[in-house]
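Structure record follows, encoded as structure tokens.
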Amino acid sequence: MKRIVLLGPPGVGKGTQAERISDKYGIPHISTGDIFRANMKQGTPLGKLAKEYIEKGLLVPDDVTCGMVWDRLAEEDCKAGYLLDGFPRTVYQAEQLDAHLKAVGQDPQDITVLNIQAPTQTLIERATGRRICKDCGKSYHTVYTPPKTEGICDVCGGELRIRPDDALETVQNRLKVYEDQTSPLIEYYRTTDRLADIDGCQAIDGVFGQICALLGEKP
Ligand code: AMP
């Protein structure tokens with residue numbers, strides 16, 4: 001049983017590692033950012049609300065975010081484990097998660113928290129080079145993982161776009177929000193003995209290797 005929380009600042013490569021962990025261990029990848037973006041694309045009330053915060057680089061209010069996550073964790077595919085990406089983002093959300101897990105009969109200490117780290121300058125370069133396919137959502141990077149043809153998705157031929165929240169000013173703001181609000185979360189998990197530090201400056205395979213060594217080879 002793998003119940004994992006993935007932590008790391010914007011641009012550290014969390015999404016890429018999350019996909020790999022999810023494939024290898026057969027657990028759903030639950031990204032709060034992805035769920036918000038899907039709702040924004042569909043124009044749902046949740047999406048409209050979230051858009052106001054996301055485009056300013058601010059966090060969506062806790063009650064909205066937590067409610068959405070509890071609903072997702074109650075789904076059938078989460079019974080055998082799950083990978084949370086982008087949640088919790090604050091100590092308050094982490095405390096709420098612990099309380100929620102207890103309430104549904106899961107031990108909060110069973111969670112493994114992977115903390116992927118990298119210096120700020122590296123993060124800015126990574127985030128501002130990110131491109132996302134407007135049709136299938138696959139992500140690329142102009143330097144690290146470019147598509148075969150510039151601006152075009154290898155998988156579906158869709159146009160590659162910069163996410164509005166990857167613009168330089170927004171990225172800097174998101175890093176500051178991360179520093180202010182999420183860094184204390186790292187201490188919260190460290191002091192409760194659930195944190196494992198991962199070196200995010202390695203190549204993608206190196207980061208994944210370190211994660212697998214920690215989680216164990218077998219699902
Ligand atoms: P991400 O793709 O994880 O970087 O998330 C994109 C944006 O969605 C963030 O900058 C926040 O505005 C919002 N968001 C994602 N997860 C959370 C969360 N746990 N709490 C509040 N806002 C969130």
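We count residues from 1, following the sequence as given. Both counts, for ligands and for their atoms, begin at 1 and track the order of listing.
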Which donor-acceptor pairs under 3.5 Å do side chains of residues 56-70 form with protein atoms, sequence neighbours excluded?
| residue | atom | partner | partner atom | Å |
| --- | --- | --- | --- | --- |
| Asp62 | OD1 | Gln93 | NE2 | 2.8 |
| Thr65 | OG1 | Val60 | O | 3.4 |
| Thr65 | OG1 | Pro61 | O | 3.0 |

Can you tell me if Glu159 uses its side chain to pair, donor with acceptor, with the backbone of Lys134 under 3.5 Å?
no

N-O pairing of Arg72 and Asp77 below 4.0 Å:
yes

Shell of residues surrounding ligand 1, defined by a 4.0 angstrom heavy-atom cut-off that is strict:
Thr32, Gly33, Phe36, Arg37, Ile54, Leu58, Leu59, Val60, Thr65, Gly86, Phe87, Arg89, Gln93, Arg163, Asp165, Arg174

Atom CD of Glu169: over 12 foreign heavy atoms under 6.0 Å
no

Membership question, hydrophobic clusters at under 4.5 Å side-chain separation (ILVMFWY): are Leu175 and Leu7 in the same one?
no

Under a 3.5 Å distance rule, please check whether Lys51 uses its side chain to pair with a backbone N or O of Met40 as donor and acceptor.
no

